[in-house]
Enquirer: 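The following block contains the structure, expressed as structure tokens.
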There are 2 protein chains.
Amino acid sequence: MDYDSLKLENQLCFPLYASSRKITKLYRPILEPLGLTYTKYITMMALWEKDNVSVKELGEKLYLDSGTLTPLLKKLENQNLIIRKRNPEDERNLIVTLTKKGKNLKDEALKVPQEISSCINISPKDAKELHRLLHLILKQ
Amino acid sequence: MDYDSLKLENQLCFPLYASSRKITKLYRPILEPLGLTYTKYITMMALWEKDNVSVKELGEKLYLDSGTLTPLLKKLENQNLIIRKRNPEDERNLIVTLTKKGKNLKDEALKVPQEISSCINISPKDAKELHRLLHLILKQ
DNA sequence: TTATATTAAATTGTGTCCAATTTAATTGAA
DNA sequence: TTCAATTAAATTGGACACAATTTAATATAA
């Protein structure tokens, strides 16, 4: 019987899972002064790219559903970073809009990618290749 | 001002995080008939490779701490897959041992990697490269 | 020896994630 | 039209993750 396929070392998902958590952990102390968690941070990144979007659209971009986003967006609203408002054209849709404070946070956030990249030791070539492979999985 | 570093598309962590969750989601329905979650599954894989290990050793292998492992191991014990026992030589250590049922589950689990790999479309070459890059991050 | 330091698990509290269900609004077919 | 389907968020409940603290056992230095 061949049990090799059950060895941790031969898994692809396990290092994916472990390294994802490892890097999220790196973000924690860097984001904490901005009042953001990692999930809040990627949500803000999505909004900095495109404002006035529905929860559905945000969820598609972030690969998250309303079960995760609804409470998260409520917290961001409590922090006065966003406003949540129903779309008058179609009240089923909730539109998320950045506040002035939310927009201004972008400048403070500029240092985050810098600090992170100084923590992760990977060559530009490897980074590009990793990026390609991850999107390969994500896009199927 | 250059905001490109804040675009989701330019992140390395974001696709890592998103694809990790995506693949964990693939495991859910496959592991469910075995009574396992993904975290339980990797814990069992570690134990199938090496039995009679402490929580600390298990945590080092899985990159998890006692805050995650303690409740998880209690559940696995309730399922009669493992036994938890203090080491008489040093009562601080808790030793985790597979039961007969836990050992037998390995044969059932053999089909899991097969089913998963049929869901993920990646060439052997790309898989090998992805494996290398993830371990590069994990090992630093 | 004995008080202090260290170590290993367990506990506590917060923040996700997600499946499944519910609620409310809109669409569409008879 | 009108009632059944569809859609978008919100809610609920269960399972992690992890920082920080606590508890208990062991090691060590004065």
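Every heavy atom of this structure was used, including side-chain atoms; hydrogens, water molecules and symmetry mates were not.
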Enquirer: Pair up each side-chain donor or acceptor in residues 109-117 of chain A with any protein partner under 3.5 Å, not counting sequence neighbours, and list the distances.
Expert:
| residue | atom | partner | partner atom | Å |
| --- | --- | --- | --- | --- |
| Ser117(A) | OG | Pro113(A) | O | 3.2 |
| Ser117(A) | OG | Gln114(A) | O | 3.0 |

Enquirer: Whole angstroms only, please: what is the CG-P distance between Leu64(A) and dA19(C)?
Expert: 12 Å
Enquirer: Of Asp65(B) and Glu57(A), whose closest DNA chain D nucleotide lies nearer the 5' terminus?
Expert: Glu57(A)
Enquirer: CE of Met44(A) to OG1 of Thr37(A): how many Å apart, nearest 0.5 Å?
Expert: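 One finds 11.0 Å between CE of Met44(A) and OG1 of Thr37(A).
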Enquirer: Each nucleotide N or O in nucleotides 10-12 of chain D that has a protein N or O under 3.5 Å away: list the pair and distance.
Expert:
| residue | atom | partner | partner atom | Å |
| --- | --- | --- | --- | --- |
| dA10(D) | OP1 | Arg84(A) | NH1 | 3.1 |
| dA10(D) | OP2 | Thr70(A) | OG1 | 2.7 |
| dA10(D) | N7 | Ser66(A) | OG | 2.8 |
| dT11(D) | OP2 | Lys74(A) | NZ | 2.6 |

Enquirer: May I ask you to say whether Glu77(B) pairs ionically with Lys74(B), meaning some side-chain N is under 4.0 Å from a carboxylate O?
Expert: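 Salt bridge: no.
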Enquirer: Answer yes or no on whether Lys22(B) is positioned over the face of Tyr63(A), meaning its NZ or CZ is under 6.0 Å from the six-membered ring centre and within 45° of the axis.
Expert: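 Here Lys22(B) fails the 6.0 Å and 45° test against Tyr63(A).
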Enquirer: Looking at DNA chain D, which of residues 8-37 of chain A put a heavy atom within less than 4.0 Å of it?
Expert: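 Listed by number, they are Tyr17(A), Arg21(A), Lys25(A), Arg28(A).
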Enquirer: Taking ring pair (Phe, Tyr, Trp, His ring centres under 6.0 Å) as the definition, give me every residue that meets it alongside Tyr17(B), ordered by chain and number, with sequence neighbours left out.
Expert: Tyr38(A)
Enquirer: Using atom CD1 of Ile42(B) as one end and atom P of dA15(D) as the other, report the distance to the nearest whole Å.
Expert: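 Going from Ile42(B) (CD1) to dA15(D) (P), I get 16 Å.
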Enquirer: Tyr38(B) or Ser54(A): which one's nearest nucleotide on DNA chain D is closer to the 5' end?
Expert: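 The residue closer to the strand's 5' end, by nearest nucleotide, is Ser54(A).
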Enquirer: Keeping to residues at least two apart or across chains, list the ring-ring contact (aromatic ring centres under 6.0 Å, His included) pairs with something in residues 105-140 of chain B.
Expert: His131(B)-His135(B)
Enquirer: Determine, stepwise, if the pair Asn93(B) / Glu57(B) fulfils side-chain contact (heavy atoms from CB on, under 4.5 Å).
Expert: CA-CA 10 Å; Asn93(B) 294 284; Glu57(B) 193 177 340; over 6 Å; no
Enquirer: More than 12 heavy atoms of other residues, nucleotides or ligands under 6.0 Å from NZ of Lys128(B): is that the case?
Expert: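 No - once you tally the heavy atoms of other residues, nucleotides and ligands closer than 6.0 Å, there are 12 at most.
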Enquirer: Looking at Lys56(B) and Glu60(B), is there a salt bridge between them, counting it only when a charged N and a carboxylate O are closer than 4.0 Å?
Expert: yes
Enquirer: Are Leu8(B) and Leu16(B) grouped together when hydrophobic residues (ILVMFWY) are joined by side-chain heavy atoms under 4.5 angstrom apart?
Expert: yes
Enquirer: I need the CG-P distance between Leu72(B) and dC16(D), as an integer number of Å.
Expert: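 Going from CG in Leu72(B) over to P in dC16(D) covers 5 Å.
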Enquirer: For dA15(D), does OP1 or OP2 lie under 4.0 Å from any side-chain N or O of Thr39(B)?
Expert: no
Enquirer: Taking atom P of dC17(C) as reference, at what distance in whole Å does atom CG of Leu58(A) sit?
Expert: 14 Å
Enquirer: Output one line per pair: protein atom, nucleotide atom from nucleotides 24-27 of chain C, and distance, for all N/O pairs under 3.5 Å.
Expert:
| residue | atom | partner | partner atom | Å |
| --- | --- | --- | --- | --- |
| dT26(C) | OP1 | Glu91(A) | N | 3.1 |

Enquirer: How many Å lie between CD1 on Ile82(A) and C1' on dA9(D), as a whole number?
Expert: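 Roughly 14 Å, once rounded to whole Å.
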Enquirer: Ignoring backbone atoms, establish whether Asn93(A) has a side-chain N or O less than 4.0 Å from OP1 or OP2 of dA9(D).
Expert: yes
Enquirer: In a check of side-chain contact (heavy atoms from CB on, under 4.5 Å) between Lys103(B) and each of Thr97(B), Leu81(B), Leu98(B), which one passes?
Expert: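 It is Leu98(B), the one option of Thr97(B), Leu81(B), Leu98(B) that forms the side-chain contact (heavy atoms from CB on, under 4.5 Å) with Lys103(B).
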